[in-house]
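Comments concern the structure below.
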Amino acid sequence: MAQKNSLAERPPMGWNSWNHFHNKIDDASVRAQAEAMVSSGMRDAGYTYINIDDTWEGERDAKGNIQANSKFPDMKALADFVHSKGLKLGIYSSPGAKTCAKFEGSLGHELQDAQTYAAWGIDYLKYDLCGLREEMKTAPTPEAAHKIMIDAYTKMRDALRSTGRPMVYSLCQYGEDAVWEWGADVGGNLWRTTGDISDKYARMAEIGFGQAGLGRFAGPGHWNDPDMLEVGNGGMTTDEYRTHMSLWAILAAPLLAGNDLSTMTPETVALLTNHDVIAIDQDAAGKQGDRVSAEGPVEVWARVLTDGSKAVGIFNRHSSAMTAHVDLQKLGFTHAVKAKDLWQAKDMGSINTSYTVTLPGHGVLFLRLSQ
Ligand code: GLA
């Protein structure tokens, strides 16, 4: 029986340290991110979680309690600070003895760690498989290895729940073993469906466009997670970052910024806080969209929204501009369609169901359409 914790009714929005900072994250930079999330307008746009990823962990004390390392002198005080900004604090661990970056994991200390997180005031846990693979390797059969993993995720779910403190439970499992089929049953509010993203169009596109068919496994409280955002990290063009944001919104993906919020350009802020795009991602029905058609490098993806309108992305995966003819009848529209161009924030009035568009290389036309 799936046990829900009634958190993450919409895909979680926030920030995570990994994509930009990797192991160079400390108390001061986390505070700076929280401050920037407020001053940039991101908090008001819906971003809430400030998530510390791997490399915060220190040694256990004599009683086995996990302690933060010297980069995080007082985790409780940090949580208080983040909360004082109207934000929430997330943390990271692994069901294995070690994390991916070879820091202390939670194996054998699950309940103790959940209690420590609760005492610190943590609101979100990303639980990253990595180190548990050592244990899984010792299993006699693939089925037995699978059971070790399921048991480990279930154990932390129960540990978190027993603390009485609501904590979003984020499974990081890279999409192996069809995690979307069992992620909700082990209490996951979200589960990574892929390996790690990088700040390059090719990798982002491989992940984003690779999500076709997964929509039926997601919904309010339990989301597919195609990994954190790279917007603002500098490795993609503006058109490519628009593709990234548009796809993630259609996919009802968690929007976890992965850049340095304290040094953002106005253009990055605009990409991350586009009100119309966020509204698609956070649409209350929580119906993940899917690919409708692919014609060479041009793909049309659509998502049904609560009010009956549709978010439609017309994507050009080619590196140079392409002209595409789109038949909106394939999206269920029978006559002229009311359209808004979400990136241009432009009401387009009515458009024909047979619609021709020129798309920039690696770019997107992101529309909200209603009959
Ligand atoms: C894995 C995860 C990343 C990040 C690192 C930290 O690679 O997929 O998102 O958490 O571990 O070590």
Side-chain angles (χ1 to χ4, degrees), residues 8 11-26 29-30 33 49-59 66 68-69 71-72 75 89-107 113 117 122-137 149 152-153 156 167-180 183 186 188-200 202-204 206-208 210-211 214 223-233 235 244 248 251 253-261:
M13 292 176 66
W15 168 89
N16 173 292
S17 58
W18 187 254
N19 285 357
H20 182 85
F21 290 90
H22 296 102
N23 61 347
K24 305 230 164 10
I25 188 71
D26 58 14
S29 13
V30 172
Q33 300 307 306
Y49 291 96
I50 294 283
N51 291 349
I52 305 168
D53 208 279
D54 206 353
T55 77
W56 65 267
E57 309 89 339
E59 306 280 305
I66 187 74
N69 60 39
K71 298 190 298 171
F72 291 91
M75 206 54 105
L89 186 64
I91 211 162
Y92 167 101
S93 189
S94 172
K98 294 286 172 211
T99 67
C100 291
K102 305 276 182 279
F103 284 68
E104 188 71 17
S106 292
L107 185 67
D113 286 359
Y117 305 151
I122 298 293
D123 307 292
Y124 184 118
L125 173 68
K126 172 173 168 183
Y127 208 42
D128 192 356
L129 186 70
C130 265
L132 192 73
R133 284 190 169 131
E134 293 304 312
E135 267 53 52
M136 292 165 69
K137 270 188 224 154
M149 178 176 61
Y153 276 117
M156 185 52 95
M167 288 184 254
V168 171
Y169 191 26
S170 159
L171 315 184
C172 183
Q173 196 270 346
Y174 338 113
E176 293 162 12
D177 297 297
V179 59
W180 41 86
V186 299
N189 294 114
L190 59 157
W191 47 80
R192 278 271 298 278
T193 55
T194 75
D196 290 11
I197 198 168
S198 70
D199 190 20
K200 294 193 174 66
R203 181 61 178 151
M204 179 279 293
E206 178 188 16
I207 289 178
Q211 302 298 297
L214 295 184
W223 307 101
N224 289 307
D225 171 12
D227 207 359
M228 304 165 297
L229 300 172
E230 290 284 5
V231 176
N233 280 333
H244 188 7
W248 265 235
L251 294 170
L255 296 180
L256 296 168
N259 59 317
D260 181 354
L261 306 185

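Just so you know, ligand 1 is whichever comes first in the structure, and atom 1 is the first atom listed for that ligand.
When every heavy atom of D196 is checked against every heavy atom of W18, the shortest pair comes out as OD2-NE1, 4.4 Å. Contact record, L129 with S94: O-OG, 3.5 Å, taken as the closest heavy-atom pair. Nearest approach of W248 to P226, heavy atoms of both residues: CZ2-O, 3.5 Å. Considering all non-hydrogen atoms of both residues, V179 and L171 come closest at CG2-CD1, 4.4 Å.
The shortest contact between atom 8 (O) of ligand 1 and any protein heavy atom is with D196 OD1, 2.5 Å. Regarding atom 1 (C) of ligand 1, its nearest protein heavy-atom neighbour is D128 OD2, 3.1 Å. Looking only at protein heavy atoms, the nearest one to atom 12 (O) of ligand 1 is D54 OD2, 2.8 Å. Considering only non-hydrogen protein atoms, atom 9 (O) of ligand 1 sits nearest to K126 NZ, 2.8 Å.
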(request) Please assess N19 against I197 for the test side-chain contact (heavy atoms from CB on, under 4.5 Å), listing each intermediate value before the final yes or no. (result) CA-CA 8 Å; N19 285 357; I197 198 168; 3.7 Å; yes
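Judged purely by distance below 3.5 Å, without hydrogens or angles, the side chains of D128 and Y92 pair a donor atom with an acceptor atom. Remark: the S93 side chain and the E57 side chain contain no N/O donor-acceptor pair separated by less than 3.5 Å.
For ligand 1 and A101, the ligand atoms under 4.0 Å from any heavy atom of the residue are 12 (O). Residue contact check: C172 has heavy atoms under 4.0 Å from atoms 2 (C), 8 (O) of ligand 1.
A heavy-atom separation below 4.0 Å is not found between H22 and ligand 1. Within the 4.0 Å heavy-atom shell around ligand 1 one finds D53.
No N or O atom of W18 sits closer than 3.5 Å to an N or O atom of ligand 1. Note: no N/O pair closer than 3.5 Å links Y174 and ligand 1 by distance alone. Between D227 and ligand 1, no pair of N/O atoms sits closer than 3.5 Å.
Using bins of under 30°, 30° to 60° and over 60° for the plane-to-plane angle, the ring pair Y117/W56 lands in the perpendicular bin.
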